[in-house]
Structure formats: structure tokens, C-alpha cells
> 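Let me begin by handing over the structure; questions about it come next.
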Amino acid sequence: MALFDFFKNDDANYYQLFEDAANNMLEAARVFRELCYNYENVHEAVERIHEFEHLGDAIGHRMYSMLNRTFVTPLDREDIINLYSAIDDVTDLVHSASDLMSIYKVDHVTPIAQQLSDCIVACAEEVVKALPRLRKRSELAGMHESIIQIHSLENKADDLHREGLMELFSNPADVIHIIKWRDIYQEMEQATDRAEDIADVLRGLAIKHA
């Protein structure tokens with residue numbers, strides 16, 4: 001590797017990888033939401049989401065390879081890692097929730113889970129909307145609306161999670177049902193938590209670089 005390559009700043013490539021990872025996350029979330037509202041062909045849907053998870057990992061490998069090759073980066077290395085990791089975690093959690101539905105042989109999806117899937121998709125859409133603004137300092141302030149919206153959606157998901165648990169424990173005799181949906185709800189709520197982490201990184205970047 002030439003010394004020049006080590007110092008070369010591949011700004012556009014970093015931003016593109018962020019955007020690719022976010023779009024991949026959104027597609028996984030949309031397939032999951034479709035599964036929640038039309039609960040059929042479960043195995044096929046889970047496999048599709050698994051493919052998105054693998055694609056997200058491949059994007060991450062490219063990101064880390066670039067970090068190892070370059071000395072100068074457009075953003076702090078810690079911010080790059082935290083931002084990618086949070087995006088990837090959302091995709092992983094979406095896959096985990098869908099996989100649990102298959103493993104637990106869920107026969108139908110609850111209205112709470114459907115609403116949680118709406119929150120996950122909406123969070124992903126806001127991330128996809130916000131990320132292109134990272135490319136220009138003059139547009140960083142434009143991320144603020146999406147950041148606020150993601151925090152609001154995460155709060156809504158918290159309320160739905162609590163409501164879902166209350167419903168589950170209103171019929172404590174059905175222990176298996178409780179265990180299944182407690183675990184699925186937890187994965188879904190954590191997906192919105194990680195989306196909020198994305199928003200927090202974006203807020204920090206806006207403060208640092210605006």
C-alpha cells in the first residue's frame with residue numbers, strides 16, 4: 001500500500017456506506033412490517049430479512065477496512081464506528097424479532113407488535129432522510145427535525161412495549177404466550193432504542209461540525 005493511500009481521505013465513500021447501511025436497514029424493517037400485518041410465508045420473510053442482515057455486515061466490513069487503510073477520516077473514528085454500529089444493530093434486532101416469531105411458531109401477530117413495526121419503519125425512514133445531510137456542513141442543522149421525530153417514535157415504542165406487557169400479564173395462565181411475546185416485544189423495542197442511538201450520534205455530529 002502506498003503511503004499516499006494511507007493518508008487519502010475517502011469522504012464520499014464513508015457517507016455512501018452510511019447511506020447504504022441505512023437503506024438496507026429500512027428495507028429489512030419494511031419486510032418485517034409486511035410480515036407483521038400479513039403473517040404468511042414466515043420462513044421466506046425471515047430469510048429475506050436475514051439476507052439484509054448479511055448485507056449490512058458486508059457494508060460494515062467495507063467500512064472497517066477503509067478505517068484501517070486511511071489515517072484521515074471525515075468524522076471522528078469513534079463517531080463513524082458508533083453510527084454504523086447503531087444502524088447495523090437495528091437491522092440485527094429486526095432479524096432477531098422476525099426469527100423469534102418463526103422459532104416460537106407464533107400463529108398470529110398482535111396489534112401491539114404491528115404498531116411497534118410501524119415505529120421501527122418510521123425511525124428507519126427518518127434516518128434515511130437525515131443521513132445525506134452529513135455530506136455538507138451547511139445542511140447539518142437540517143437533521144434536527146428527524147432527530148426529534150426519532151426520539152418521539154422511541155417514546156411511543158416504550159409506551160407500546162409497556163402496554164403490551166400489561167396485556168400479556170393480564171392473562172398469566174398462558175405462560176408460553178407470555179414468554180413468546182415478551183421476548184419478541186423486547187427485541188422490537190430495542191430496535192427503536194438503537195434508532196435513538198443513531199439520532200444521538202447525529203445530534204453530536206451536528207454540534208461538532210456545524
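The figures that follow rest on heavy atoms only: side chains count, while hydrogens, waters and symmetry mates do not.
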> Going by the side-chain hydrogen bond (donor to acceptor under 3.5 Å, both in side chains) test, name the single residue among H61, R69, R62 that passes it with S65.
R69

> Might you point out which heavy atoms bring A86 and I198 nearest each other, and give the distance in Å?
CB-CG1, 3.4 Å

> Would you name the heavy atoms of V128 and A22 that are closest together and state the gap between them?
CG2-O, 3.6 Å

> Using a 3.5 Å distance criterion without hydrogens, assess whether the side chain of R77 forms a donor-acceptor pair with backbone atoms of L67.
yes

> With distance as the sole criterion, is a donor-acceptor pair present between the side chains of N23 and E19 under 3.5 Å?
no

> Group every Ile, Leu, Val, Met, Phe, Trp and Tyr by side-chain heavy-atom contacts under 4.5 Å, then state whether I49 and V106 land in the same group.
yes

> Enter the distance from F52:CZ to I59:CD1 here, rounded to the nearest 0.5 Å.
10.5 Å

> Linking I/L/V/M/F/W/Y whenever their side-chain heavy atoms sit closer than 4.5 Å, directly or via other members, would I103 and L35 fall into one cluster?
yes

> Output every pair passing side-chain hydrogen bond (donor to acceptor under 3.5 Å, both in side chains) with a member in residues 105-117, not counting sequence neighbours, ordered by first then second residue.
T110-Y185

> If hydrophobic clusters are built from ILVMFWY residues whose side chains come within less than 4.5 Å, do V121 and F32 share one?
no

> Less than 4.5 Å apart, side chain to side chain, heavy atoms only: is that true for M63 and N13?
no

> Enumerate the salt bridge (Lys or Arg N to Asp or Glu O under 4.0 Å) contacts for residues 171-194, please, sequence neighbours excluded, ordered by first and then second residue.
D89-R194, R194-D197

> Would you say CZ of R33 has more than 12 non-hydrogen atoms from neighbouring residues, nucleotides or ligands within 6.0 angstrom?
yes

> If you count the non-hydrogen atoms of other residues, nucleotides and ligands that lie under 6.0 Å from CD in E145, is the total more than 12?
no

> Nearest 0.5 angstrom please: I150 CD1 to C119 SG, how far?
12.0 Å

> Rounded to the nearest 0.5 Å, how far apart are CG of N41 and OH of Y39?
11.0 Å

> So, taking the atom named OG in S102 and the one named NE2 in H50, what distance separates them when rounded to the nearest 0.5 Å?
12.0 Å

> Measure across A130 and L202 and return the closest heavy-atom pair with its distance rounded to 0.1 Å.
CB-CD1, 4.1 Å

> Side-chain donor-acceptor pair under 3.5 Å between D118 and Y37, yes or no?
yes

> Are E163 and I112 close enough that some pair of their side-chain heavy atoms sits under 4.5 Å apart?
yes

> I'd like to know if the side chain of S96 reaches the main chain of D92, judged simply by a donor and an acceptor atom lying under 3.5 Å from each other, with no hydrogens or angles considered.
no

> Using a cut-off of 6.0 Å, state whether more than 12 heavy atoms not belonging to H144 lie near its atom NE2.
no

> Side-chain contact test, heavy atoms from C-beta onward, threshold under 4.5 Å: evaluate it for I80 versus F18 and give yes or no.
yes

> Between S85 and N82, is there a donor-acceptor pair closer than 3.5 Å when you use the side chain of the first and the backbone of the second?
no

> Got a salt bridge between E125 and R30, using NZ or NE/NH1/NH2 to carboxylate O under 4.0 Å?
yes

> With distance as the sole test, does N68 use its side chain to make a donor-acceptor pair with the main-chain N or O of Y64 at under 3.5 Å?
yes

> Please determine whether side chain to side chain contact (heavy atoms under 4.5 Å, CB included) holds for the pair V94 and T91, giving the CA-CA distance in whole Å, both sets of side-chain angles, and the decisive distance to 0.1 Å.
CA-CA 5 Å; V94 165; T91 308; 5.8 Å; no

> Side chains of Q16 and R135 only: does a donor on one sit below 3.5 Å from an acceptor on the other?
yes

> Looking at every heavy atom in both C36 and V109, which two are closest together, and how far apart are they?
O-CB, 3.5 Å

> With the 4.5 Å side-chain cut-off for hydrophobic clustering, are V201 and L26 part of the same group?
no

> Kindly give the heavy-atom pair with the smallest separation between A195 and V90, and that separation in Å.
N-CG2, 3.7 Å

> Could you give the distance from CG (L160) to CG (L116), rounded to the nearest 0.5 Å?
5.0 Å

> Is D200 close to H151 at the side-chain level, that is, under 4.5 Å between some pair of heavy atoms?
yes

> Check the hydrophobic clustering (I, L, V, M, F, W, Y; side-chain heavy atoms under 4.5 Å; chains of links allowed) and say if V42 and I120 are grouped together.
yes

> Would you call L140 and L205 a side-chain contact if the rule is heavy atoms closer than 4.5 Å?
no

> Do you know the tightest heavy-atom contact between L100 and I184?
CB-CG1, 3.8 Å

> Taking it one step at a time, do L153 and T192 satisfy side chain to side chain contact (heavy atoms under 4.5 Å, CB included)?
CA-CA 8 Å; L153 288 162; T192 63; over 6 Å; no

> Please lay out, stage by stage, how R48 and E51 fare under the test salt bridge (Lys or Arg N to Asp or Glu O under 4.0 Å).
CA-CA 5 Å; R48 283 188 65 197; E51 290 173 5; 5.9 Å; no

> Where do S146 and V127 land on the side chain to side chain contact (heavy atoms under 4.5 Å, CB included) test, with the steps shown first?
CA-CA 7 Å; S146 291; V127 173; over 6 Å; no

> Quick check against the 3.5 Å criterion: does D99 have a side-chain atom that pairs as donor or acceptor with the backbone of H95?
no

> How about I87 and L131: do any of their side-chain heavy atoms sit closer than 4.5 Å?
yes

> How many angstroms lie between CE in M143 and CD1 in I148, if you round to the nearest 0.5 Å?
12.0 Å

> So do the side chains of E44 and E47 get within less than 4.5 Å of each other, counting heavy atoms only?
no

> Determine, stepwise, if the pair Y84 / L17 fulfils side chain to side chain contact (heavy atoms under 4.5 Å, CB included).
CA-CA 9 Å; Y84 165 74; L17 288 175; over 6 Å; no

> Are the side chains of D158 and E154 in touch, meaning some heavy atoms are under 4.5 Å apart?
yes

